[in-house]
Amino acid sequence: MTAPAASDNPVRVRFAPSPTGFIHMGNVRTALFNWLFAGHHNGVFILRIEDTDTERSKTKFEKQLLEDLRWLGLDWNEGIGRNGDFGPYRQSDRYPIYHRYARQLLEEDKAFRCFCSEEELEKVRRAQLERNETPRYCGKCRYLTPAEIETRLKAGTPCTLRLRVRPGGVGFSDLVFGRIDIDTIQISDPVLLRSDNSPTYNFCCVIDDFLMKITHVIRGDGHLSNTHRQILIYEALGAPIPQFAHLSTILGPDGEKLSKRHGATSVEEFKRQGYLPEALVNYLALLGWSPPNEGQEIMSLDEITGQFDLSRVLKSPAIFDNSKLDWMNRTYINKTPDSSLADRAGQFFVDSGLIPAQIDAATHSWLARIIGLVKTRVDHLEQLPGEAAVVYGYATDPPEIDAAALEILSSSDGQAVAREFARLVEGKQSLTPETYREIVAQVKAVTNQKGRGLFHPIRAALTGRGSGPELEKLIPLYEEGSSLNLPRKVMSCRERLRAVLARISHKVS
RNA sequence: GUCCCCAUCGUCUAGCCGGCCUAGGACACCGCGCUUUCAAUGCGGCAACACGGGUUCGAAUCCCGUUGGGGACGCCA
């Protein structure tokens with residue numbers, strides 16, 4: 001890993017999730033855009049963990065998060081697990097820092113102690129709401145005299161630390177939303193330190209971004225209204241204000257916020273279903289962003305990085321469309337070499353009990369060829385073993401035959417072809433594409449069938465299905481599969497024909 | 001309730017510093033071709049500027065309003 005080229009003002013961005021749950025696609029998109037922006041500007045991508053909510057933060061979520069990001073190929077060059085000059089990178093490890101700045105703000109009178117209890121505040125809030133007023137902090141403790149403060153402190157009254165919000169306007173130019181100005185009257189004096197002395201999100205976030213020299217804050221648009229509050233904190237700290245870019249929300253198919261009931265929303269769910277990370281990431285990049293040379297949608301991370309630009313990011317929310325993701329995933333599956341797919345999808349076959357956990361080269365190449373034959377018909381890797389049933393089928397007794405095949409084999413012409421074909425196969429040691437072609441020619445001569453009438457019964461008898469991959473490619477897989485040592489038996493062509501003929505003669509006569 | 005934001009085919013979007021737009025591409029859907037079958041693939045089709053006012057010779061593009069949607073207003077992040 002080479003360090004990015006040092007320049008006067010290197011771009012430094014960060015992804016700062018809270019480990020309070022499994023990471024969903026909206027967060028992944030935020031991480032991705034940060035990663036792309038850093039990459040494009042040859043900057044630094046930092047991973048910071050915001051776990052000031054000790055109730056909900058869990059280390060298992062943090063672990064999963066790191067794994068997910070790595071799987072997606074969104075590695076970071078500074079932060080958790082990587083170190084760097086601005087650590088620690090987990091907020092729960094930074095409390096002394098926050099307290100130092102809290103003390104500073106208090107001393108400078110830019111913050112003040114508030115002795116109002118939560119119940120009191122809640123009461124005021126409800127009353128304001130009832131009167132149809134904007135609920136906001138009443139400012140009761142803003143101007144307590146030193147003596148008043150002293151007595152409350154002595155009495156042990158719990159207090160929070162609040163920022164003393166200045167009158168006037170605050171605004172910023174968001175890189176995607178544009179200029180947003182408001183009056184500070186809209187903002188209540190935000191709590192910096194809770195009554196248990198723990199720092200709040202807005203406070204930590206600003207201090208960290210300041211100390212970590214973050215140049216661009218790219219995050220979800222839920223933070224749009226936090227930004228003004230945070231700018232006021234930057235001001236109080238005398239810290240430079242970074243650039244902001246807010247990303248619109250990703251919605252479910254029904255236009256509602258993405259949630260569990262929309263099916264797969266977390267990275268590990270997509271991974272479990274056999275989506276390729278490159279497809280996922282490519283799809284996500286196109287949600288709210290489009291390349292300048294529109295028309296090319298299938299792009300590698302490198303290509304996207306080269307073209308990425310926040311000015312082309314849309315403000316309006318996007319709906320997550322599974323069918324387009326599936327299309328993209330299919331495209332990537334079909335681009336990937338079969339042997340590499342065998343590596344990536346191997347586990348799905350193991351889990352389905354079709355191949356052993358450890359396989360030899362012969363089995364691997366056999367598996368790769370099966371995948372090559374059926375991969376055009378799956379959306380994601382998890383469906384592969386199901387499609388491989390064309391090869392594994394017939395292991396049941398009686399053999400499974402679909403309606404279309406049964407129909408074909410129930411006609412006397414169809415049966416004649418199948419019988420003649422089976423008879424000739426019996427005379428061969430094993431079936432190869434060459435001997436297969438010879439036999440087909442003979443069957444054709446004997447039965448006088450051709451085209452559909454000839455090939456359909458043969459397919460039906462050999463595969464038990466009315467349709468499927470090319471027979472000439474399937475046949476060697478049957479023959480080779482029957483000699484491999486597999487947890488579930490694959491029948492040779494001859495065995496298949498015997499089984500199916502036994503079944504149909506039983507059924508018809 | 002107050003404040004802020006958003007609005008092009010069913011979906012993702014191009015276009016938006018006005019004329020090249022009878023609005024382009026992709027997904028999905030439908031049809032045709034290729035193929036012994038299916039899948040893949042090739043070709044074609046359907047389908048949108050939320051509404052109402054302005055400004056202008058001219059508006060998807062600029063302004064105002066309406067409607068619809070989202071967010072914020074926490075000792076959550």
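Not measured: the values here are computed from a predicted model. All chains are named by letter (A, B, ...) in the order of the sequence lines, taking the proteins before the strands, and each is independently numbered beginning at 1.
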A/S411 and A/D413: side-chain donor and acceptor closer than 3.5 Å?
-> no
Set of residues satisfying side-chain hydrogen bond (donor to acceptor under 3.5 Å, both in side chains) with respect to A/E382, sequence neighbours excluded | none
Can you tell me how far P in B/C63 sits from the matching atom in B/G69, rounded to whole Å?
-> 24 Å
A/D93/A/R90 ion pair, N-O < 4.0 Å | yes
A/D189 CG to B/C73 P, in whole Å, measures 15 Å
Counting only Watson-Crick or G-U wobble pairs whose two distances fall under 3.5 Å, which nucleotide matches B/C29?
-> B/G45
note: A/N329, atom CG; B/C27, atom C1'; distance rounded to Å ~ 14 Å
When you compare B/A50 with B/A60, how far apart are their C1' atoms, in angstrom units rounded to a whole number?
-> 12 Å
For nucleotides 4-9 of chain B, give me every protein contact, N/O to N/O, under 3.5 Å, one pair per line with atom names.
from : atom 1 : to     : atom 2 : distance (Å)
B/C6 : OP1    : A/K315 : NZ     : 3.0

Taken in chain and number order and not counting sequence neighbours, the residues that satisfy salt bridge (Lys or Arg N to Asp or Glu O under 4.0 Å) with A/R136 are none
Rounded to whole Å, the CG-C1' distance (A/L280 to B/C27) equals 16 Å
Sort and list the pairs that fulfil ring pair (Phe, Tyr, Trp, His ring centres under 6.0 Å) and have at least one residue in residues 156-181 of chain A, not counting sequence neighbours.
-> A/F172-A/H228, A/F172-A/F244
Using a heavy-atom cut-off of under 4.0 Å over every strand shown, decide if A/Q128 touches base, sugar-phosphate, or nothing.
-> nothing
Is A/K123 salt-bridged to A/E119, cutoff N-O under 4.0 Å?
-> no
Comparing A/G255 and A/R29 on RNA chain B - which has the more 5′ nearest nucleotide | A/R29
Would you mind pulling out the nucleotide paired to B/A59, Watson-Crick or G-U wobble, both distances under 3.5 Å?
-> none
Distance-only, no hydrogens or angles: does the A/N329 side chain make a donor-acceptor pair with backbone N or O of A/L325 under 3.5 Å?
-> no
Is the number of heavy atoms from other residues, nucleotides or ligands under 6.0 Å of A/I185 CD1 greater than 12?
-> no
Contacts of A/R94 meeting salt bridge (Lys or Arg N to Asp or Glu O under 4.0 Å) (sequence neighbours excluded), chain-then-number -> A/D208
Check nucleotides 62-66 of chain B against the protein and report each pair of N or O atoms closer than 3.5 Å, with its distance, or say if there are none.
none

Would you tell me if any nitrogen or oxygen in the side chain of A/R126 comes within less than 4.0 Å of OP1 or OP2 on B/C73?
-> no
Pair A/R219 + A/E50: basic N to acidic O under 4.0 Å | no
Counting only distance, no hydrogens or angles, is the base of B/C75 paired donor-acceptor with the side chain of A/S195 under 3.5 Å?
-> yes
A/R437 with A/E472: basic N within carboxylate O range, under 4.0 Å = yes
Expressed as a whole number of Å, how far does the C1' atom of B/C27 sit from that of B/A14?
-> 15 Å
Roughly, in whole Å, what's the span from CG in A/L474 to P in B/U36?
-> 16 Å
Please list, chain by chain and in numerical order, all residues satisfying salt bridge (Lys or Arg N to Asp or Glu O under 4.0 Å) with A/D68, sequence neighbours excluded.
-> none
P atom, B/C21 versus B/G15: distance in rounded Å?
-> 14 Å
Closest listed nucleotide, where the reference is the side chain of A/D321 and the choices are B/C12, B/G70, B/U11 | B/U11
Which residues pass the side-chain hydrogen bond (donor to acceptor under 3.5 Å, both in side chains) test with A/R465, sequence neighbours left out?
-> none
Distance between the P atoms of B/C32 and B/C38, in whole angstroms?
-> 12 Å
A/K257 NZ - B/A72 C1' separation (whole Å) = 11 Å
Is a donor-acceptor pair below 3.5 Å formed from side chain A/N226 to base B/A72, judging by atom type as modelled?
-> no
Side-chain (A/T227) to main-chain (A/L224) donor-acceptor, under 3.5 angstrom = yes
Separation of B/A77 atom P from A/E50 atom CD, nearest Å, is 9 Å
Rounded C1' spacing from B/A72 to B/G53 in Å = 31 Å
Under 4.0 Å between a side-chain N or O of A/S290 and OP1 or OP2 of B/A14?
-> yes
A/D209 CG - B/A77 P separation (whole Å) | 15 Å
Hey, what's the ring geometry for A/F210 with A/Y101, parallel, tilted or perpendicular (30° and 60° as the breaks)?
-> perpendicular
Using a 4.0 Å heavy-atom cut-off across all strands, classify A/C159 as base, sugar-phosphate, or nothing.
-> nothing
Watson-Crick or G-U counterpart of B/C17, or none if no pair lies under 3.5 Å | none
What nucleic acid atoms does A/T134 come within less than 4.0 Å of, heavy atoms only: base, sugar-phosphate, or nothing?
-> base
Closest heavy-atom contact between A/L314 and A/V176?
-> O-CG2, 4.3 Å
Who pairs with A/Q186 by side-chain hydrogen bond (donor to acceptor under 3.5 Å, both in side chains), at least two apart in sequence or on another chain?
-> none
Qualifying residue for salt bridge (charged side-chain N to carboxylate O under 4.0 Å, His left out) with A/D189, from A/R229, A/R142, A/R164, A/R166 = A/R142
Whether A/R29 side chain and A/S248 backbone form a donor-acceptor pair below 3.5 Å | yes
So which of residues 372-382 of chain A are in contact with RNA chain B, with a heavy-atom cut-off of under 4.0 Å?
-> A/T376, A/R377
Neighbours of RNA chain B within residues 454-462 of chain A, by heavy-atom distance under 4.0 Å = A/F455, A/H456, A/R459
Hey, does the side chain of A/T52 come within less than 4.0 Å of B/A77's phosphate (OP1/OP2), counting only N and O?
-> yes
Heavy-atom side-chain contact between A/I49 and A/L65 under 4.5 Å = yes
Does B/A40 have OP1 or OP2 sitting under 4.0 Å from an N or O in the side chain of A/R330?
-> no
How far, in whole Å, is B/C6 from B/C17 if one measures between their P atoms?
-> 15 Å
Looking only at atom C1', what distance separates B/U13 and B/G52, rounded to whole Å?
-> 27 Å
Listing time: all N or O pairs from protein to nucleotides 23-25 of chain B that are below 3.5 Å?
from  : atom 1 : to     : atom 2 : distance (Å)
B/G24 : N2     : A/E294 : OE1    : 2.7
B/G24 : N2     : A/E294 : OE2    : 2.7

Check whether any side-chain N or O of A/R312 sits under 4.0 Å from OP1 or OP2 of B/C16, and answer yes or no.
-> no
Distance in angstrom units between A/Q186 CD and B/G1 C1', rounded | 12 Å
Under 3.5 Å on both distances, the Watson-Crick or G-U partner of B/G52 = B/C64
Using a 4.0 Å heavy-atom cut-off across all strands, classify A/R465 as base, sugar-phosphate, or nothing.
-> nothing
